[in-house]
Amino acid sequence: MTPSNTSVLLIYTGGTIGMIENTETGALENFNFEQLQKHVPELRKSNCTIDSYQFDPPMDSSDMEPEAWRKLVKIICDNYDRFNGFVILHGTDTMAYTASALSFMLEGLDKPVILTGSQLPIGVLRTDGKENLMTSIEIASAQDADGKPLVPEVCIFFENHLMRGNRTTKMNAENFNAFRSFNYPVLAEAGIHIKYNHSLIHHTREKQELKPHYLLDTNIAVLKLFPGIHENVVAATLSIDGLRAVVLETYGSGNAPRKQWFLRLLREASARGIVIVNVTQCSAGTVEMERYETGYHLLQSGIVSGYDSTTESAVTKLMFLLGHGYTPEEIRERMSRPIAGEITL
Ligand code: ASP
């Protein structure tokens, strides 16, 4: 239900949704928010009041940086009391990282923050952008009979599916259904009606104050294993100057080679205070280091489980925890506790 007295702040960061083809070069270039509105006259017909904020210049999400996440948090925080919800238009390439980061940075969130974008620019006839945009606005302003928001979470809405943001991955560069939440069911499905899975949506019991966080530390590496990986590749990664944490992308349920040099390098790095988090290369499923001997050795080398976390979520959660000055031991411990529903224990 979208009551008519609701308001949504539309934050336009950039991405394909707001691009137009350069007639000379054929390349896609950003255009501004007014032009976007021209292509979506439906915006004016919406039940709720829509205000906008535009990144200037709009950015391709491949250029996304923690600085822009801080900016988004600040915009949401400064406008928190004025709006019922927020819709962020964002490029699809790094949308899952932004959604994950925001879910950690916006502590106590009790309003919807819905990220969306599109695979085809909004000015193109077959665009998926209009549908994504209009439904996101409807979700961001949806309330129950008591006036409480239906989805007070950071989410991604894409191609009919509303997903918890920190559970998503971009998994298709071609199709309209670009995002999936492999390890957590969708929060809502949009067909003729928007059907919400109320029991899966996180609600705070009491009214909370929004507590924005701005501190992030990006001294992180992602190390993806592959058969035949060289000792010097692992050694060089683990000895990067200033490195504080590693997301180790392992096989299956969290398995890795049992080679002596490999386990020794991990043990030594852990002992130096580098936090190493085990995340599976599989799209779905969870890390269970106790399951096979190949995983058990990692556990003994001081590696912590990332459970069923996406890489995007593990990376941004580490940035968040490292930024807040916790000790390596505290970070290891906090990696095994959900902050915003990002892991299933
Ligand atoms: N390169 C674009 C971006 O992520 C792709 C998109 O928007 O889908 O900004």
Side-chain angles (χ1 to χ4, degrees), residues 10-23 25-40 43 52-73 75-76 86-103 105 113-137 139-140 154-163 165-182 190 218 222 283 310-313 315-316 319:
L10 188 58
I11 308 170
Y12 174 54
T13 67
T16 296
I17 193 162
M19 283 179 166
I20 201 156
E21 203 174 270
N22 181 317
T23 43
T25 63
L28 289 175
E29 290 172 357
N30 285 304
F31 67 80
N32 65 30
F33 189 73
E34 279 74 49
Q35 287 165 304
L36 182 95
Q37 274 177 312
K38 226 182 278 163
H39 284 279
V40 196
L43 277 172
S52 65
Y53 182 100
Q54 179 178 343
F55 273 35
D56 188 18
M59 62 198 293
D60 187 291
S61 80
S62 313
D63 288 322
M64 191 47 72
E65 288 283 336
E67 201 40 52
W69 298 339
R70 290 189 194 100
K71 185 168 162 177
L72 284 169
V73 167
I75 295 166
I76 291 169
F86 300 83
V87 171
I88 301 176
L89 298 183
H90 194 290
T92 55
D93 290 346
T94 61
M95 194 189 290
Y97 285 93
T98 299
S100 300
L102 294 185
S103 76
M105 295 166 84
V113 173
I114 315 295
L115 288 96
T116 194
S118 67
Q119 293 283 63
L120 277 177
I122 212 137
V124 170
L125 209 56
R126 287 177 52 247
T127 187
D128 51 331
K130 271 192 197 182
E131 164 82 37
N132 287 347
L133 171 59
M134 295 314 298
T135 309
S136 295
I137 291 172
I139 292 170
V154 178
C155 299
I156 287 185
F157 178 79
F158 223 88
E159 173 72 355
N160 304 336
H161 289 143
L162 182 73
M163 295 157 277
N166 56 31
R167 293 292 195 150
T168 58
T169 299
K170 181 175 179 181
M171 53 90 204
N172 203 314
E174 163 72 23
N175 293 353
F176 286 152
N177 62 345
F179 288 89
R180 280 284 289 278
S181 165
F182 286 100
T218 55
V222 178
S283 305
T310 60
T311 295
E312 293 88 329
S313 169
V315 165
T316 51
M319 285 183 189

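Heavy atoms only: backbone and side chains are in, while hydrogens, waters and symmetry mates are out. As the structure lists them, so they are numbered: ligands from 1, and atoms in each ligand from 1. The first residue in the sequence is number 1, and the count goes up from there.
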What's the shortest distance from [atom] to any protein heavy atom, and which residue and atom give it?
atom	value
atom 6 (C) of ligand 1	Thr16 OG1, 2.9 Å
atom 9 (O) of ligand 1	Ser61 N, 2.6 Å
atom 8 (O) of ligand 1	Thr92 OG1, 2.3 Å

Determine yes or no for a side-chain-to-main-chain donor-acceptor pair under 3.5 angstrom, with [X] supplying the side chain and [Y] the backbone.
X	Y	value
Thr127	Pro121	yes
Thr13	Leu89	yes
Thr316	Ser313	yes

**Request:** Would you mind running through ligand 1 and noting each atom that sits below 4.0 Å from a heavy atom of Gly15?
**Result:** 7 (O), 9 (O)
**Request:** Please could you name the atoms of ligand 1 that Gly91 approaches to less than 4.0 Å, counting only its heavy atoms?
**Result:**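 With Gly91 as reference, the close atoms of ligand 1 come out as 3 (C), 4 (O), 6 (C), 7 (O), 9 (O).
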Decide yes or no for [X] and [Y]: does some side-chain heavy atom of the first lie under 4.5 Å from some side-chain heavy atom of the second?
X	Y	value
Gln119	Asn175	no
Asn166	Thr310	no
Phe158	Asn132	yes

**Prompt:** For ligand 1, which part of Ser118 has a heavy atom less than 4.0 Å away: the side chain, the backbone, both, or neither?
**Reply:** backbone
**Geometric N/O contact Thr94 with ligand 1, under 3.5 angstrom** = no
